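What follows is one structure encoded as structure tokens, with my remarks underneath.
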Amino acid sequence: TASTPIFDVASGANLKLGAVGGAYAMTKQGAGQMTLATTSTRTTAAGITNLVAGTLRLEIANALNTLATAPLNISGGKLSLGVTAGATYGGTATTVSGNATIESDRLTAGAGVVQTLGTLSIGNQTLSITGGSNVTSGTAGLTFGTTTLTASTPIFDVASGANLKL
């Protein structure tokens with residue numbers, strides 16, 4: 001744990017972390033990937049996650065926070081959701097403040113599943129929704145809870161083979 005950790009992962013690198021814990025904000029930046037595959041010990045709204053660049057891959061539902069309403073701020077990069085059976089993710093009260101991508105994937109190859117995040121707040125940004133490389137058939141789905149449009153022209157770019165439900 002730290003007061004304000006920044007994970008700056010270089011292009012081509014994949015930083016794999018164990019459980020994240022503590023009542024602090026953390027930031028993922030840099031062109032590389034950071035993978036979280038262990039349940040977080042963060043249980044508070046102070047456990048904010050910021051995705052600025054690169055890929056943040058979640059391979060377990062509560063990798064960011066066990067509190068569903070904890071904030072996830074996405075100002076760039078790609079959020080990759082990789083639970084094979086599909087999941088409802090903790091720590092994903094999502095605010096999109098820059099152009100970004102959310103990928104509905106699986107941990108192992110197979111048919112597309114539905115991944116569910118918390119609330120969504122988005123302004124005049126482009127949010128691209130894609131299926132991941134482990135989705136070999138069917139539709140890769142993404143569902144959000146209550147959606148708030150903070151500006152008049154957000155763009156939802158949903159790729160072929162993907163589905164977005166607001």
Side-chain angles (χ1 to χ4, degrees), residues 7 9 11-17 27-40 48-65 68-166:
F7 299 95
V9 184
S11 180
N14 183 7
L15 174 63
K16 294 183 179 186
L17 298 179
T27 299
K28 161 53 184 88
Q29 66 184 30
Q33 177 169 307
M34 183 167 84
T35 301
L36 301 175
T38 305
T39 298
S40 173
I48 299 167
T49 303
N50 300 298
L51 174 57
V52 176
T55 299
L56 176 58
R57 177 145 173 108
L58 307 180
E59 294 181 346
I60 194 164
N62 289 323
L64 295 178
N65 199 313
T69 57
L72 169 62
N73 301 315
I74 303 175
S75 60
K78 175 171 67 175
L79 178 64
S80 176
L81 306 172
V83 174
T84 292
T88 298
Y89 291 78
T92 58
T94 306
T95 299
V96 176
S97 60
N99 297 338
T101 299
I102 299 179
E103 173 183 78
S104 178
D105 200 9
R106 305 169 44 97
L107 190 56
T108 59
V113 295
V114 175
Q115 308 287 2
T116 303
L117 299 179
T119 58
L120 172 63
S121 175
I122 185 170
N124 289 334
Q125 289 81 32
T126 298
L127 180 60
S128 299
I129 309 301
T130 64
S133 61
N134 287 329
V135 176
T136 58
S137 64
T139 302
L142 177 64
T143 298
F144 279 102
T146 302
T147 299
T148 303
L149 304 179
T150 60
S152 61
T153 58
I155 297 172
F156 296 97
D157 181 12
V158 180
S160 176
N163 183 53
L164 172 63
K165 180 179 178 184
L166 301 176

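Computed from a predicted model, the values in this text were never measured in an experiment.
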Which residue pairs pass the salt bridge (Lys or Arg N to Asp or Glu O under 4.0 Å) test when at least one of the two sits in residues 72-97, sequence neighbours left out?
-> Lys78-Glu103

Can you tell me how far the OG1 atom of Thr38 sits from the CD1 atom of Ile60, to the nearest 0.5 Å?
-> 6.5 Å

Can you tell me how far OG1 of Thr27 sits from CG of Leu51, rounded to the nearest 0.5 angstrom?
-> 9.5 Å

Between Thr35 and Gln33, which heavy-atom pair has the shortest distance, and what is it?
-> OG1-NE2, 3.0 Å

Looking at Ile74 and Ala100, what are the two nearest heavy atoms and their distance?
-> CG2-CB, 3.3 Å

Heavy atoms of Leu64 and Gly91 approach each other most closely as CD1-O, 3.7 Å

Return the set of residues passing side chain to side chain contact (heavy atoms under 4.5 Å, CB included) with Leu117 (not counting sequence neighbours), or none when no residue passes.
-> Leu79, Leu81, Tyr89, Thr92, Thr94, Ile102, Leu142, Phe144

Distance from Lys28 atom NZ to Thr49 atom OG1, nearest 0.5 Å?
-> 12.5 Å

So, for Ser152 and Pro154, which heavy atoms are closest and what is the spacing to 0.1 Å?
-> C-CD, 3.5 Å

Is the side chain of Thr136 donor-acceptor paired with the backbone N or O of Gly110 at a distance under 3.5 Å, no angle test?
-> yes

Show me the side-chain donor-acceptor pairs of residues 118-128 shorter than 3.5 Å, one per line, residues at least two apart or across chains.
unit_1: Asn124; atom_1: OD1; unit_2: Thr153; atom_2: N; d: 2.9
unit_1: Asn124; atom_1: OD1; unit_2: Thr153; atom_2: OG1; d: 2.8
unit_1: Gln125; atom_1: OE1; unit_2: Gly123; atom_2: N; d: 2.9

Gln115 to Ser104 - nearest heavy-atom pair and separation = CG-OG, 3.3 Å

Compare every heavy atom of Asn65 with every heavy atom of Ser40, then report the nearest pair and how far apart it is.
-> CB-N, 3.7 Å

Residue pairs passing the side-chain hydrogen bond (donor to acceptor under 3.5 Å, both in side chains) test with at least one member in residues 55-64, sequence neighbours excluded, are Arg57-Glu59, Arg57-Ser80, Arg57-Asp105

Non-neighbouring partners of Ser75 that pass side chain to side chain contact (heavy atoms under 4.5 Å, CB included), sequence neighbours left out | Val52, Ser97

Say whether, by atom type as modelled, one donor and one acceptor occur between the side chain of Thr88 and the main chain of Thr116 under 3.5 angstrom.
-> no

side-chain hydrogen bond (donor to acceptor under 3.5 Å, both in side chains): which pairs involve residues 156-166, sequence neighbours left out?
-> none

